[in-house]
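Beneath this line is the structure, given in structure tokens, with notes to follow.
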Amino acid sequence: MTKSADTHCPYCALQCAMTLTSPAALTPAVQPGSDPVTEQAAPAVAAPLLTVAGRDFPTNRGGLCRKGWTSASLLNHTGRVTEPLLRGADGVHRPVSWDEALTRIVAAVKQARAGHGPDGVGVFGGGGLTNEKAYQLGKFARLALGTSRIDYNGRFCMSSAAAAGMRAFGLDRGLPFPLADLDAASTILMLGSNVAETMPPFVQHLQGARDAGGLIVVDPRRSATAAFTSDGGGLHLQPLPGTDLALLLGISHAVIHEGLADAGYIADRTTGYEAMARSVGSFWPERVQSITGVPAGLIRETARRLADGAGKGGSYILTGRGVEQHVDGTDTATAAINLALVLGLPGSARSGYGTLTGQGNGQGGREHGQKADQLPGYRKITDPAARAHMAKVWDVPETLIPGPGLPAVELLKSLGEPDGVRCLFVHGANVAVSAPDANAVIAGLRSLDFLVVCDFFLSETAAEADLVLPVTQWAEEEGTLTNLEGRVLRRRRALTPPPGVRSELWIMTRLAELLDAPSTFSEDPETVFEELRLASSGGLADYSGIDYAMLDRGEAAYWPYPAGSDGTPRLFLDAFAHAGGRAVFTAVTPRRRTPSAGAAPVAAAERTGHGPSAADRAGTPMTLITGRLMEHYQSGAQTRRVAALAEAQPEARLQLHPAAAAAQGIADGDYVSISNERGVVSCRAELSTDIRPETVFLPFHFPELESANRLTEAATDPISGMPEFKTSKVWIRPAVSGGAVSGGAAGNRSGASARVLQAEETS
């Protein structure tokens, strides 16, 4: 006898539909064993408990990527954490009972609050948590812990696009239209996203534009997505990293000065056009060519194709992390929206602007209370009406709800500081690998009085924890997620979790009881969702008209979905969300940035053992951009444990141009040292003419010596709090002795890695 469950992939925000099938009575049987994930070896995995089949759905139409096809193999992985693990004085994690684990947490919270106030406790969430867990985590932080110090890893993903969307439209939803609308487009401008590798089933929605010769991809690399523009499929614009804002201003200049703007739309549906038009006046294509390296002819051709497409099958402008993960990411996304508004695209039935959400619940995860400045329903935590609404739903005095906290980078910088966070909870994130300036983040984690990590594997962050709590994986839980279109989906349980594993909802409920928290907490997902409906009612992200029954019937549910409505598949058809119903142009311009690199920072880094030596800094620095590989997801904590994926991409490789390699005496496959004032990384070189000569690319999925984020900077966008992930200055040289390097990256290896291996051997 078998049973099956219709659900969705646990990885990216495309949320491909799949069916999981298993023997009816089967439950995971996780055997003890070691998992040498941090050694980059392909781990042994038990046979999957479930079979995976693609299911027909508008986003994936039955297709899955390699990650989706292999997703079930992690459910009974030998490295699975199945009981609470407490770190001893020797640094080794050993099993303890749940009663002891909860008692330890309560004591740590009380100690931190007594010595440092409520904000001595912090919470770091994740964009992979279900809507129910994200909602209750925000409530838990503010009411049970009493802290304002909560944020999440979506700050590293969607924050700039979200801020730009709120600025222009008064509402932020990644794609304000169904993904299938792209099928009929004749022109699609895609900036800073490599969907062919990050979410492969997406590319079928680009085929119509490609067939029409209208796929335009902006990327410093000739990525797999950019390669689709060949053979008459469209255009590839290959700007210098960090110059996307100037490029967009140049395209807007061409649209305006060639008479391609939609004057009627601008007059009827927007405000602020005159100031924006003046601001692009000095960015004529020839000048922009000198800034970006993109030929003026291609800039004008892009403007003409977008305008022509808007009058034919439709034009869309899509942005991704490549143009948003900058200290001016909000302004760059705003420039893309300005271009879309000049062309009259947003709010049209067959054209538009959108941004591509990355994490599985990156959209829903930022709507219901994980962000430092927001309450559920996308309400501002400083809005008196929003606070009064939530106080009523939670049945607490409004004064118990803390004010705004710190965005992710600032939160992480505060770890262990006298007036900072001393006790930290981490849910669904691996900041030791994914956060910028990772050496500093790891040092912060180690300086905490107590670190609690909820995870199903001993990730690099969990390896630093005082206490690791084993939680359910995706196929073992019920709930909802919201995909990149703003469509709410059902996650359905296909099998029972291992004994000893608990849901985060259960953990929060038990801790809330032990901490005598006000209000009520529940471990039942549907009960939590019913409260979320009430909490979101009347907010920008209104889910009040959605329930489990309608989702189980397969009804499409796009938010905002007020009770009594039919939802909103396409936003802004009649009006934008600003008062008066008009979209807002905001004039933006590139601003000169003072580099943080310099003699003093480098010297300080050398003293701490994290920075490069004088020999490392020989020659001309290059620009490092980070990104993803097809086989891996986010920090790689899951995908590096899947044998088939680890075998295909077992290690980080630095992509660099042959000319740049030759100047340093580097051959394909050689080990290289990549360094700057924040750290040193070592990996193999991969020579390719698909990247600009002054630029190098390194995937960020790998830990320790290969961790790209040891090099990225914790400087942030002043509006969104987005870190600068894409334009780090680095020095490249051949590594000595087959990749062995000195400095902080190597020095940290014996700590986290040893604890991961020792703990998994005893789990």
Side-chain angles (χ1 to χ4, degrees), residues 38 40 156 325 409 412-413 415-416 430-447 459-461 463-464 595-619 621-627 635-636 651-656 664 671-685 695-716 723-737 739-753:
T38 54
Q40 302 303 300
F156 304 155
Q325 287 180 326
V409 170
L412 293 174
K413 285 181 178 179
L415 299 185
N430 188 14
V431 293
V433 177
S434 64
D437 198 2
N439 280 325
V441 171
I442 293 169
L445 295 174
R446 293 176 178 174
S447 69
S459 68
E460 288 71 25
T461 302
E464 302 292 345
S596 64
V602 171
E606 286 179 354
R607 288 195 299 273
T608 61
H610 286 164
S613 66
D616 289 325
R617 301 195 305 274
M622 302 185 75
T623 300
L624 169 69
I625 54 178
T626 64
S635 73
E651 61 183 359
R653 285 179 175 259
L654 182 79
Q655 186 182 68
L656 73 163
Q664 292 287 342
Y671 275 97
V672 294
S673 166
I674 312 109
S675 61
N676 61 17
E677 69 273 21
R678 288 173 291 280
V680 183
V681 168
S682 179
C683 65
R684 293 185 188 273
T695 305
V696 293
F697 170 83
L698 189 64
F700 65 84
H701 312 293
F702 299 90
E704 303 297 341
L705 286 172
E706 298 179 347
S707 176
N709 280 321
R710 291 181 184 270
L711 305 170
T712 54
E713 186 178 359
T716 57
E724 177 63 67
F725 281 116
K726 300 299 186 185
T727 58
S728 302
K729 294 300 181 185
V730 296
W731 287 268
I732 313 295
R733 68 178 180 88
V736 296
S737 303
V741 295
S742 61
N748 284 342
R749 193 172 184 83
S750 61
S753 292

Point to revise | Under-4.0 Å salt bridge between E706 and R653 | key: no
Exercise for review: Compare all side-chain heavy atoms of T626 with those of K726 and state whether any distance is below 4.5 angstrom.
Suggested key: yes
Point to revise | Short side-chain to backbone donor-acceptor contact, R678 and L711, under 3.5 Å | key: yes
Exercise for review: Check whether any side-chain heavy atom of E713 sits under 4.5 Å from a side-chain heavy atom of N676, and report yes or no.
Suggested key: no
Review point. Are side-chain heavy atoms of T623 and K729 found at a separation under 4.5 Å?
Key: yes
Point to revise | Contacts of T695 that satisfy side-chain contact (heavy atoms from CB on, under 4.5 Å) - sequence neighbours left out | key: P241, I625, I691, R692
Practice item. Provide the closest heavy-atom pair for S728 versus T712 in the form atom of the first, atom of the second, distance. Key: OG-CA, 3.4 Å
Review point. How far apart are the closest heavy atoms of N439 and G679, and which atoms are they?
Key: ND2-CA, 3.8 Å
Review point. Any idea which heavy atoms bring S434 and N709 closest together, and the distance?
Key: O-ND2, 3.2 Å
Check your understanding: Hey, does L445 have a side-chain heavy atom less than 4.5 Å from the side chain of V431?
Key -> yes
Point to revise | Donor-acceptor under 3.5 Å (T461 side chain, A432 main chain) | key: yes
**Study point:** Test item: Q325 side-chain N/O and F156 main-chain N/O as donor-acceptor pair under 3.5 Å
**Key:** yes
